[in-house]
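It should be emphasised that the depicted structure is a prediction, and the values quoted were computed from it without experimental measurement. Throughout, numbering of the chain's residues begins at 1 and tracks the sequence. Heavy atoms only: backbone and side chains are in, while hydrogens, waters and symmetry mates are out.
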Amino acid sequence: RRALDVDAASEHFRRDEHVEPPRLDPAKREPPSAPAALRVAVRAVDGRNAQPLRSQRLPPRGTRCPPGSFTAAPGSGTCDGCTAGSYQDASGATFCLGCSAGSYCELAASAAVLCPAGSYNGTANATSASDCAACPEGHACAAGATAPLACDAGSVSEAGAASCTGCEAGAFQPSSAQSACEACPPGSYCLARSATPIACAPGSFAGAAGLSACVECDAGTYQSSSSETACDACDAGGWCGAGASSVTLCEAGSWRGDA
């Protein structure tokens, strides 16, 4: 009789081993009897109240909050979205990171977003793109800039520029943080990105503003000074080749009467 009882118990145990798993409901695609603990609500907190953001199916063990959220009480089954001005790029976090200057973080952000080129933000914990200010004229702001960078002398920019633009040949700008270049004055020339005009050397001239090179004096004329706007006629008793800076006297035994 004792042996029969043991056999019956063993048969009962084997039957329990082969219990069929619950069938999945095709519409819901989850066991009808799934415990509520398997569903974790992910909320976004705005500092005043908690609003439902989305629901996420999480594993029953080792539940980890997704990027952009955190849990202040591990194991509680509830994840809170990072507040605007902060972010979290890892899963399973228990806190969010403050958004650094030069970027902004919207609600439940998983990464900080850099301020676009042509704008800047010098304050940490910015919450939206509207916190990025337009770069002022005479300055440049690359993506993620925390402060405007003044344009060097010889370059300029308009408001909202990502980079400074060098003055074109024939123009110059002696000061920094400027929005426009100036025409090179007569008697001088300006190369590209010039901060100061370059005086025309003797034997050359610049008769108009905005030149990128000086003009050589024609043969029969000369110019002995720098920064001049015209050349002078060669004096009688001498001659002047092209680009002359002085009159060359006629050799002994020769002469030239007309100036």
Side-chain angles (χ1 to χ4, degrees), residues 101-103 114-122 132-259:
S103 64
L114 296 179
C115 287
S119 65
Y120 73 101
N121 171 32
C132 300
C135 204
E137 62 181 21
H139 295 75
C141 299
T146 58
L149 180 64
C151 295
D152 293 331
S155 63
V156 295
S157 75
E158 297 180 348
S163 60
C164 298
T165 303
C167 294
E168 296 181 352
F172 75 106
Q173 178 48 254
S175 303
S176 60
Q178 298 300 306
S179 60
C181 298
E182 302 174 20
C184 210
S188 63
Y189 69 101
C190 298
L191 302 176
R193 302 187 73 90
S194 287
T196 56
I198 302 170
C200 290
S204 66
F205 71 101
L211 297 183
S212 59
C214 296
V215 181
E216 187 179 66
C217 291
D218 292 333
T221 64
Y222 76 103
Q223 181 49 257
S224 59
S225 302
S226 59
S227 303
E228 294 297 330
T229 59
C231 295
D232 300 323
C234 203
D235 298 331
W239 60 277
C240 301
S245 59
S246 61
V247 178
T248 302
L249 297 178
C250 294
E251 295 180 359
S254 64
W255 64 279
R256 177 174 175 269
D258 295 332

Query - Non-hydrogen atoms of Ala140 and Cys135 that approach each other most closely - result: C-SG, 3.3 Å
Query raised in the report: Side chain of Glu216, backbone of Gly203: donor and acceptor closer than 3.5 Å?
Result: no
**Report entry** For the student: nearest non-hydrogen atoms of Leu211 and Cys184, plus distance
**Finding:** O-CB, 4.0 Å
Query raised in the report: What are the two closest non-hydrogen atoms of Ser212 and Ala169, and how far apart are they?
Result: CB-CB, 3.7 Å
**Report entry** Backbone of Ser103 reached by a side-chain donor or acceptor of Asn121 within 3.5 Å
**Finding:** yes
Query raised in the report: Going by heavy atoms in the side chains, are Cys190 and Glu182 under 4.5 Å from each other?
Result: no
Query raised in the report: Is any side-chain heavy atom of Tyr189 less than 4.5 Å from a side-chain heavy atom of Cys214?
Result: yes
**Report entry** Distance, nearest 0.5 Å, that separates CG of Asp235 from OG of Ser246
**Finding:** 10.5 Å
Requested in this report: Using modelled atom types only, decide if a donor and an acceptor are shared between the side chain of Gln178 and the backbone of Ala180 within a distance under 3.5 Å.
Outcome: no
Query raised in the report: Do Arg193 and Ser155 touch side chain to side chain, with heavy atoms closer than 4.5 Å?
Result: yes
Report task. Find the distance between SG (Cys217) and CD (Glu228) and round it off to the nearest 0.5 Å. Result -> 9.5 Å
Query - CG-SG distance between Leu114 and Cys132, expressed to the nearest 0.5 angstrom - result: 9.0 Å
Query raised in the report: Cys200 and Ser204: which non-hydrogen atoms are nearest, and at how many Å?
Result: CB-OG, 3.7 Å
Requested in this report: Please report the shortest heavy-atom distance between Ala134 and Tyr120, naming the atom on each side.
Outcome: O-CE2, 3.7 Å
**Report entry** Exam field: side chain Ser157 to backbone His139, donor-acceptor pair closer than 3.5 Å
**Finding:** yes
Query raised in the report: Quick one: does Thr248's side chain get under 4.5 Å of Trp239's, heavy atoms only?
Result: yes
Query raised in the report: So do the side chains of Cys141 and Pro148 get within less than 4.5 Å of each other, counting heavy atoms only?
Result: yes
Report task. Quick one: do Thr221 and Cys240 satisfy side-chain contact (heavy atoms from CB on, under 4.5 Å)? Show the steps, please. Result -> CA-CA 6 Å; Thr221 64; Cys240 301; 5.9 Å; no
Report task. Would you check if Cys151 and Val156 make a side-chain contact, meaning some heavy-atom pair closer than 4.5 Å? Result -> no
**Report entry** Minimum-distance pair of heavy atoms, taken over all atoms of Ala177 and Ala150
**Finding:** CB-CB, 4.1 Å
Query raised in the report: If you measure from CG on Asp218 to SG on Cys234, what distance do you get to the nearest 0.5 Å?
Result: 12.5 Å
